[in-house]
2 protein chains.
Amino acid sequence: MTVTIYDVAREANVSMATVSRVVNGNPNVKPTTRKKVLDVIERLEYRPNAVARGLASKKTTTVGVIIPDISNVFYAELARGIEDIATMYRYNIILSNSDQREEKELQLLDNMYGKQVDGIVMMSDQVSEELQNKMSHSPVPIVLAGTLDEMKEIASVNIDYLQAAYEAVKHLIANGHRRIAYISGPFSSTINKKFKFEGYKKALEEEGIALDEDLVIATEDSYDSGLEDFETLSQLADPPTAFFAGSDELAIGIIHGAQDLGKSVPEDYEVISFENSKLARMVRPQLTSVVLPLYDIGAVSMRLLTKYMNKENVEDGQVILPYRMIERNSTK
Amino acid sequence: MTVTIYDVAREANVSMATVSRVVNGNPNVKPTTRKKVLDVIERLEYRPNAVARGLASKKTTTVGVIIPDISNVFYAELARGIEDIATMYRYNIILSNSDQREEKELQLLDNMYGKQVDGIVMMSDQVSEELQNKMSHSPVPIVLAGTLDEMKEIASVNIDYLQAAYEAVKHLIANGHRRIAYISGPFSSTINKKFKFEGYKKALEEEGIALDEDLVIATEDSYDSGLEDFETLSQLADPPTAFFAGSDELAIGIIHGAQDLGKSVPEDYEVISFENSKLARMVRPQLTSVVLPLYDIGAVSMRLLTKYMNKENVEDGQVILPYRMIERNSTK
DNA sequence: CGATAGAATGAAAACGTTTTTCAAGAAATT
DNA sequence: AATTTCTTGAAAAACGTTTTCATTCTATCG
């Protein structure tokens, strides 16, 4: 039924070794032989069996991607960056959603090992010790994309979240605000809790503004949370006049929350976001935001992974990409 | 280095046949033996090599997913539905982006065949004859998700787009409109050109409203297109008073286009969308929309595929899912 | 012209399972 | 105690490649 390398060998009057050489671009084949084999391959529509190949060569040209939730734009953008570079280097991707559940992450790693992937790109909010430990003993290279490994044992690609948050808040302060809220995604995420929050605190501190715990809210990373959080904060005796939002959805929620109460942005409140997805331009006012280069983080992670898979020498596994801020109309 | 089935057999004092039976849940194994083997498996951290298994059994428990663009929310939602059901049935997913380029779709199919996937879920705007032909001769089952196969030769999961569009436009007419624009995504998509457009025409016709080509615009499926299209149409001598938008992004573009000109929705213009993504609630006014059950389409497609892969009997490969309309504030 | 270094090719083992077949020992049933 | 039904093992084939090593060509050199 299916045509094998053996069929090709027979038809072309050569050994399977020679067919294998032709298929794999081994230069030690006489041009005339190569052509003869290639012709037969085309005639028979021979397609090498990647599974057999994987067994024999111990390479599957497949990488595993563990992602919290592909239906979340944030991660989908990362995934696209990963996939594009993977394709460029002829790898396929096995994609699995973890929903941030550690137990599932662990299990997915085992599953990927079983499938004999050549490497793994992993995204997660939080790298527990157990996870970190398991990854350290991985049989194949792993790169963390947009995910922090505090021990810095696993290769990873990120931006300087602390500095970016710091700059954003500084911007708000420069615009005259003293009551600045930090509406964050869940603090179970190391990036939110440790890095962005630290940047926020650093900026306040530098200006001699005392941290007011009432102005810091860590919730789900969603539009509705933004809406609610605005409402909560606007009822404070001394409400904030500016918001540093952890994501675009949160920022939009805040803006609509304000608008629903008859207030306007940026006149009554200024808002700055941290993400700059496609959404940032799809609101009125459009969002001023720190731009997180999601696609690039994915792409660079995959590129880094190819280096490890090729056993190339990598000088520094902890890659920090540049970021920038883009000013639109949610700030003055 | 790696522990094989052979190691387990030796340690457990049984034959590899027995280990294989245990691993594959064959019932003909005495409980005590099963336990003994399981213990050794755990102790040795034996993990069956899926590649070897795939070669021997000719099943890889992997399915291919060909998607236009995973970073597009629309498809990401579909993908999530596919993945969830795949996981439920213990399949992994190899995901590849086609960018709607037929040449790439063809090539990806070959690639997936080479990887010996057990089945394929495919999404595309348009199924050309060549593609349709290639799929008909596929060595493994294929299901189209949210994708129309006009020949109805390939299994597929969809909603009744024509009827849904018809209803949406009827709704606008019922609200008193006679000048109703259809702002569509690209007409290269069969669904847009043939189905939604037909539904639009049918509704108009039924009410004796002549089709005005000026009111039909097929552009890119983006926010910016919506913005532009609104501008274009508002400059008409006899501009539309209502819009039937092919997607949420388009609808939001239209609304913002109107608002940027000092008009308001739904007072000056009514808008109805066709998608109901998360975005639909993230605008003011919130979108009235036909709700496309993207996640379900993905999930049902994958479920259908499992049936084909199990060689179960499928009564009808052309599945039509129900849809509904949700009224929010972009219509009165 | 014979020797010799490469280049080109082939033969066979290896990769880690599943699957099959047959035989035989163990356990359960009557 | 006889018979039936379960369990298990041993061995080997199969899956379709890659890879190693040996061998055969071919061309070049002195």
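Naming convention: chains lettered A, B, ... in sequence-line order (proteins, then strands); numbering from 1 in each chain. The figures that follow rest on heavy atoms only: side chains count, while hydrogens, waters and symmetry mates do not.
- Nearest-nucleotide positions on DNA chain D for B:L55 and B:V29 put B:V29 closer to the 5' end.
- Taken to the nearest 0.5 Å, the CG atom of B:L304 stands 9.5 Å off from the CD atom of B:Q318.
- In terms of phosphate contacts, A:T4 brings no side-chain nitrogen or oxygen within less than 4.0 Å of OP1 or OP2 of D:dG16.
- For the residue pair B:Q132/B:S128, the side-chain donor-acceptor check at 3.5 Å is not satisfied.
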Kindly determine whether B:S124 and B:E105 satisfy side-chain hydrogen bond (donor to acceptor under 3.5 Å, both in side chains), including the steps that lead there. CA-CA 9 Å; B:S124 184; B:E105 291 172 333; 2.7 Å; yes

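- Across all strands shown, B:V51 has no heavy atoms under 4.0 Å from either base or sugar-phosphate atoms.
- When each of A:D7, A:V37, A:V40 is checked for a side chain to side chain contact (heavy atoms under 4.5 Å, CB included) with A:V19, only A:V37 meets the rule.
- Out of C:dT17, D:dC15, C:dA27, the shortest distance to the side chain of B:K58 is found at D:dC15.
- To the nearest angstrom, C1' of C:dG16 lies 16 Å from NZ of A:K115.
- Proximity of a side-chain donor or acceptor of B:N92 to a complementary backbone N or O of B:T62 within less than 3.5 Å is not detected.
- Here the options are B:R80, B:E83, B:E77, the test is side chain to side chain contact (heavy atoms under 4.5 Å, CB included), and the partner is A:I70; only B:R80 passes.
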Would you list the protein and nucleotides 18-21 of chain D atom pairs, both N or O, that sit under 3.5 Å from each other?
| residue | atom | partner | partner atom | Å |
| --- | --- | --- | --- | --- |
| D:dT18 | OP1 | A:N24 | OD1 | 3.3 |
| D:dT18 | OP1 | A:N24 | ND2 | 2.9 |
| D:dT18 | OP2 | A:S20 | OG | 2.4 |
| D:dT18 | OP2 | A:N24 | ND2 | 3.3 |

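- Regarding B:N26, its CG atom lies at a distance of 11 Å from the P atom of C:dT18, rounded to whole Å.
- Spacing between atom OH of A:Y6 and atom C1' of C:dA11 amounts to 11 Å, rounded to whole angstrom units.
- A:T33 has a side-chain polar atom (N or O) that falls below the 4.0 Å cut-off from OP1 or OP2 of C:dT9.
- Distance NZ (B:K59) to P (D:dC15): 15 Å, rounded to an integer number of Å.
- Using a 4.0 Å heavy-atom distance criterion, B:N13 is classed as a sugar-phosphate-only contact.
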